[in-house]
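Only one structure is covered here, and it is reproduced in the block below.
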2 protein chains.
Amino acid sequence: MGRTANSDREGISELTTGRLSVYLRCLTFLESQGQKTVSSHELAEKFHLNSAQIRKDLACFGEFGTRGVGYDVSRLRRQLVETLGIDRVRNAIIVGAGNLGMALADYAGFNSNGFHIVAMLDTDASKTGKTSRQGIPVVAWERLGELVRRNRVDIGIIAVPGEHAQHVYDALADAGVLAVLNFAPVQIRLRHGVKVKSVDLRINLESLSFHLKNVEDGVIA
Amino acid sequence: MGRTANSDREGISELTTGRLSVYLRCLTFLESQGQKTVSSHELAEKFHLNSAQIRKDLACFGEFGTRGVGYDVSRLRRQLVETLGIDRVRNAIIVGAGNLGMALADYAGFNSNGFHIVAMLDTDASKTGKTSRQGIPVVAWERLGELVRRNRVDIGIIAVPGEHAQHVYDALADAGVLAVLNFAPVQIRLRHGVKVKSVDLRINLESLSFHLKNVEDGVIA
DNA sequence: GCATGTGAATGGATTCACAGCT
DNA sequence: AGCTGTGAATCCATTCACATGC
């Protein structure tokens, strides 16, 4: 079934949206360089992708290209910004003000272009009242509900040890958060309507280890 | 083509090895609980997976199960540890001693069960000589080659801003590092024999944003 | 002519369903 | 009977190839 503009948006895979993010970044760069127009082939070369895939990805949301010419850089960029829903600022909170939480709070990509970290939450009273280097405050865990309501927070970021992750997720869901980025290495039991995306740092290291082992064993040239 | 034990290891996808890591974690837990045996159905329930997939994943490396019974928890765990190549310690260095580098250096999953962070490297002289809270030292960038040689480092972790990532990758490759975990949001131009795995934190947030937008627009219930 | 947009073909990964072992 | 291991079937993503339009 051919996918037409604006229909069937839920059928779009995460693989596709991930690539849209990558294209967006590239277009932002090209725009800053003053480039007016770009073809799917040109984009395909920059990443190691197939040009047809790029065209298909972009065609999901309408026809933005001009045959014989390519895509208008600025227009396509604006379109992707809108498609990804980052044409307005989304507020997020981080749960866990340990090393990882602190690092994420000050991570440039989390505090620009559509995202804003409102605060970190922690149960450790010795941490509350302090701020990250960039000035993101650490707030008592009990204030979760209030914070979410007052700041229209719709993203929660879990940066606590694995054993507390499920509890934090449930509390975030209760507070009204609709999307969660989970850094704890556990499988979260989902609530209806509260999306989770997990980033498992350890798995990536183990994957490299697997590769190294194969190199050492001579399985790979 | 049916895959048989120990043959064709390079043909195993990252999706599979990622799941192996997840199984391993589960088995470690089950072993600590004293459970002796586990079936593919039981594992399938814990994560939201299909039991046939689990059996297929495990069968890539040999026949570890017993028909009518299931898998021996301890034996399978040891097998996965060996398969993933974490039955010995791999040394890693982190390039970039900013917020992210510091957080990763002290991240529990990076300093246990097969991995050891030797040091962080940074060009900023005001950072060198210091250590993370857990005591991982920050060392001058110029000492890269020496450090890699002396400590048999085979994993490099890139935690520098995007504009320096390619340069860092090339330097790591020159120094003899064989596998790189990249946190910079850029497409790395690969060198032969030096594997990269990229973790793009920003893309994950944008993916959640896309989901939120669709919820708001009523595309999803 | 040139590059998009898209059906058709391919290639992989997942799931089904059952033969085979304990 | 129960559960693994696996060919066959299905599903999904990627790539090809070309009709379409600038």
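All values derive from a computational prediction rather than experimental measurement. All chains are named by letter (A, B, ...) in the order of the sequence lines, taking the proteins before the strands, and each is independently numbered beginning at 1. Values reported hereafter were calculated over all heavy atoms of this structure, with side chains retained and with hydrogens, waters and symmetry mates removed.
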Base D:dT20 paired with A:R67 side chain (donor-acceptor, <3.5 Å):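 Yes.
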Donor-acceptor pair present, A:K56 side chain and C:dT6 base, under 3.5 Å: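 Absent.
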Which whole-number value in Å describes the distance from [X] [atom1] to [N] [atom2]?
{"X": "A:I54", "N": "D:dA13", "atom1": "CD1", "atom2": "C1'", "result": "15 Å"}
{"X": "A:H48", "N": "D:dT15", "atom1": "NE2", "atom2": "P", "result": "13 Å"}
{"X": "A:E63", "N": "D:dT20", "atom1": "CD", "atom2": "P", "result": "14 Å"}
{"X": "A:N50", "N": "C:dG11", "atom1": "CG", "atom2": "P", "result": "13 Å"}
{"X": "A:H41", "N": "C:dG1", "atom1": "NE2", "atom2": "C1'", "result": "14 Å"}
{"X": "A:L43", "N": "C:dG5", "atom1": "CG", "atom2": "C1'", "result": "15 Å"}
{"X": "B:E42", "N": "D:dG2", "atom1": "CD", "atom2": "C1'", "result": "14 Å"}
{"X": "B:Q53", "N": "D:dT10", "atom1": "CD", "atom2": "P", "result": "18 Å"}

Sugar-phosphate, base or nothing in reach of A:L15, heavy atoms under 4.0 Å: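 Contact class for A:L15: sugar-phosphate only.
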Sugar-phosphate, base or nothing in reach of A:S40, heavy atoms under 4.0 Å: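 The residue A:S40 makes sugar-phosphate contact but no base contact.
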Of all the choices, [options], which nucleotide is nearest to the side chain of [X] once you look at every atom?
{"X": "A:R19", "options": "C:dT14, D:dT6, D:dT14", "value": "D:dT14"}
{"X": "B:R55", "options": "C:dG5, D:dT6, C:dC16", "value": "D:dT6"}
{"X": "B:T66", "options": "C:dT22, C:dA13, D:dA13", "value": "C:dT22"}
{"X": "B:S39", "options": "D:dC3, D:dA13, D:dT15", "value": "D:dC3"}
{"X": "A:A52", "options": "D:dC16, C:dA13, D:dG5", "value": "D:dC16"}

[X] side chain to [Y] side chain, donor-acceptor N/O pair below 3.5 angstrom:
{"X": "A:Y107", "Y": "B:N99", "answer": "no"}
{"X": "B:Q166", "Y": "B:Q187", "answer": "no"}
{"X": "A:R55", "Y": "A:S51", "answer": "yes"}
{"X": "A:S132", "Y": "A:D106", "answer": "yes"}

Charged N-O contact under 4.0 Å between A:K197 and B:E206: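 No salt bridge links A:K197 with B:E206.
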Closest-nucleotide 5' rank along DNA chain C - winner of B:V69 and A:G70: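 Of the two residues, A:G70 wins.
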Given DNA chain D, 5'-ward residue of the pair A:G68 and A:D57, judged by closest heavy atom: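 Mapping each residue to its closest nucleotide by heavy atoms, the 5'-most match is A:D57.
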Distance test, side-chain N/O of A:Y71 to OP1/OP2 of C:dG5, below 4.0 Å: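 For A:Y71, the contact criterion (side-chain N or O under 4.0 Å from OP1 or OP2 of C:dG5) is met.
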